[in-house]
There are 2 protein chains.
Amino acid sequence: MVCTMEPTPGAATPARLRTTPSWLLTQTAAHAARLVAEGLGALDARGYHYRLLAALDEFGPASQADLGRRCGVDRSDVVAVLNELAAKNLVRRSPDPADRRRNVITLTTAGRRELHRMGDTLDRVQDTLLAPLSPSERDELNRLLTAVLDHHSGR
Amino acid sequence: MVCTMEPTPGAATPARLRTTPSWLLTQTAAHAARLVAEGLGALDARGYHYRLLAALDEFGPASQADLGRRCGVDRSDVVAVLNELAAKNLVRRSPDPADRRRNVITLTTAGRRELHRMGDTLDRVQDTLLAPLSPSERDELNRLLTAVLDHHSGR
DNA sequence: ATCCAATGTTGGTAGGGCCAACATATCAGA
DNA sequence: TCTGATATGTTGGCCCTACCAACATTGGAT
């Protein structure tokens with residue numbers, strides 16, 4: 001879905017906007033989000049799902065709070081996403097014997113399989129997104145964005 | 001207020017995410033949006049308000065449909081934002097004698113003044129956002145984002 | 001014991017980005 | 001000139017990401 005409400009061709013966008021980094025960033029991100037939504041949507045998933053599955057795959061079983069911290073997802077949102085993932089048997093949620101406050105979230109085999117499928121479609125999405133950039137330009141973009149991101153994070 | 005639900009320091013973010021352009025983009029954009037919201041919020045405004053005012057200032061009076069097309073804002077959202085701007089006397093909405101379907105939206109003196117105030121705070125926001133980048137890096141980022149944006153737009 | 005911190009949950013909120021439908025008005029072609 | 005396709009302003013609604021507040025339960029530290 002999403003047909004993007006971007007400035008329509010034929011109607012010039014104000015220069016004040018075109019030259020503002022925050023505008024460039026949010027507009028480009030909107031395109032990225034749209035493409036990601038389309039890609040993951042075909043797999044009946046959203047960005048949040050991929051994030052959590054990726055963290056589970058890379059770091060192994062974890063508590064919900066850990067997952068949220070790693071992926072930048074609020075605790076309350078983690079709950080909802082995990083409910084959905086668990087309903088599809090992509091993860092298992094079991095109480096942590098060592099700390100009864102926690103749940104241990106484990107990636108299932110089906111979950112790992114889905115993760116890979118999502119990863120593949122996301123790879124294609126990146127390519128579509130960055131189509132106009134050369135490999136070195138893509139690297140440079142990644143570098144700059146990472147710098148900004150690191151700066152505004154805990155570091 | 002938005003305190004950003006970013007990956008918490010101490011908890012590593014999955015490499016799969018850290019190296020994915022679309023993730024870098026949306027996360028950075030989230031920071032940008034947060035900073036913009038804080039800045040404009042202090043002036044009791046939002047991004048949409050700035051966009052429309054900027055277009056009016058740069059291109060003069062326009063119809064609502066034109067404004068929406070120029071700024072990438074849906075017609076229905078333009079209505080709401082214009083209601084708010086008109087309530088504050090920042091714009092005037094009058095029927096177009098030449099085409100009775102349209103309204104002619106005009107920037108008022110107060111509107112132009114507010115626009116400048118917003119522009120000033122947004123300038124500061126850009127500086128905060130891009131703090132870790134050198135001037136040439138900022139230019140490069142702008143260039144790359146513009147390329148991606150142009151590619152995915154009407155061109 | 002006590003108090004503070006962390007965890008999982010529920011239930012909101014806000015902004016940006018859309019869509020469908022409608023009445024009214026315009027315009028181009030038959 | 002009649003007519004069907006289009007454009008415009010409006011209303012009402014939906015979704016996703018990003019948060020926040022509050023609460024009960026469980027751990028930890030003192």
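The number of heavy-atom neighbours closer than 6.0 Å to CZ of A/Arg18, taken from other residues, nucleotides and ligands shown, is above 12. Summarising the local packing, CZ of A/Arg138 is surrounded by more than 12 heavy atoms from other residues, nucleotides or ligands at distances under 6.0 Å.
Within the structure, a side-chain polar atom (N or O) of B/Gln27 is placed less than 4.0 Å from OP1 or OP2 of D/dA18. In this structure, A/Gln64 does not reach the C/dA6 phosphate: none of its side-chain N or O atoms is under 4.0 Å from OP1 or OP2. A sub-4.0 Å separation between OP1 or OP2 of D/dT8 and a side-chain N or O of B/Arg69 is present. The side chain of A/Arg46 places an N or O atom within less than 4.0 Å of a non-bridging phosphate oxygen (OP1 or OP2) of D/dT17. Note on B/Arg93: a side-chain N or O is less than 4.0 Å away from OP1 or OP2 of D/dT10. A close approach under 4.0 Å does not occur between any side-chain nitrogen or oxygen of A/Asn83 and OP1 or OP2 of C/dG8.
For A/Ala30, the listed nucleotide lying nearest its side chain is C/dG17; candidates were C/dG8, C/dG17, D/dA18. With C/dG17, D/dT8, C/dG8 as the choices, the nucleotide that has an atom nearest any side-chain atom of B/Arg51 turns out to be C/dG17.
Listed for the B/Thr13 side chain is no donor-acceptor partner under 3.5 Å among the backbone atoms of A/Cys71.
As a whole-Å value, the separation of A/Leu82 CG from C/dG8 P is 9 Å. The nearest whole Å value for the distance from the CG atom in B/Asp66 to the C1' atom in D/dT6 is 15 Å. Atom P of nucleotide D/dC20 and atom CD of B/Glu38 are separated by 11 Å, given to the nearest angstrom. Atom-to-atom, CG of B/Asp44 to P of C/dG15 comes out at 10 Å; the value is rounded to the nearest Å. Taking atom CG of B/Leu67 as the reference point, atom P of D/dT8 lies 12 Å away to the nearest angstrom. The distance between atom CG of B/Leu52 and atom P of D/dG9, rounded to the nearest whole Å, is 12 Å. In this structure, A/Leu25 atom CG and C/dG17 atom C1' are separated by 17 Å, rounded to whole Å. When the C1' atom of D/dC15 is taken as reference, atom NE2 of A/His49 falls 13 Å away, rounded to whole Å.
Residues B/Leu141 and A/Leu145 have side chains in contact (heavy-atom distance under 4.5 Å, counting atoms from C-beta outward). The shortest side-chain heavy-atom distance between B/Ile105 and B/Leu82 falls under the 4.5 Å cut-off. B/Arg101 is not listed as a side-chain neighbour of B/Ser63, based on a closest heavy-atom distance of 4.5 Å or more.
A side-chain donor from one of B/Arg34 and B/His31 sits under 3.5 Å from a side-chain acceptor of the other. When only modelled atom types and interatomic distance are considered, B/Ser22 and B/Thr20 share no side-chain donor-acceptor pair under 3.5 Å.
The residue A/Ser63 sits close only to the backbone: its heavy atoms come under 4.0 Å of sugar-phosphate atoms, none of a base. Residue-level contact check: B/Asp77 touches the bases, meaning some heavy atom is under 4.0 Å from a base atom.
Nearest-nucleotide assignment on DNA chain C puts the 5′-proximal partner with A/Ala80, out of A/Thr26 and A/Ala80.
A salt bridge does not link A/Arg124 to A/Asp127: none of the charged nitrogens lies less than 4.0 Å from a carboxylate oxygen.
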**Q.** B/S/- contact track for nucleotides 21-30 of chain D, protein heavy atom under 4.0 Å
**A.** -B---BS---
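DNA chain C lies under 4.0 Å from no heavy atom of any residue of residues 53-61 of chain A.
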Q: Go through the steps to decide whether A/Leu67 and A/Val73 satisfy the test side chain to side chain contact (heavy atoms under 4.5 Å, CB included), and finish with yes or no.
A: CA-CA 8 Å; A/Leu67 284 177; A/Val73 176; over 6 Å; no
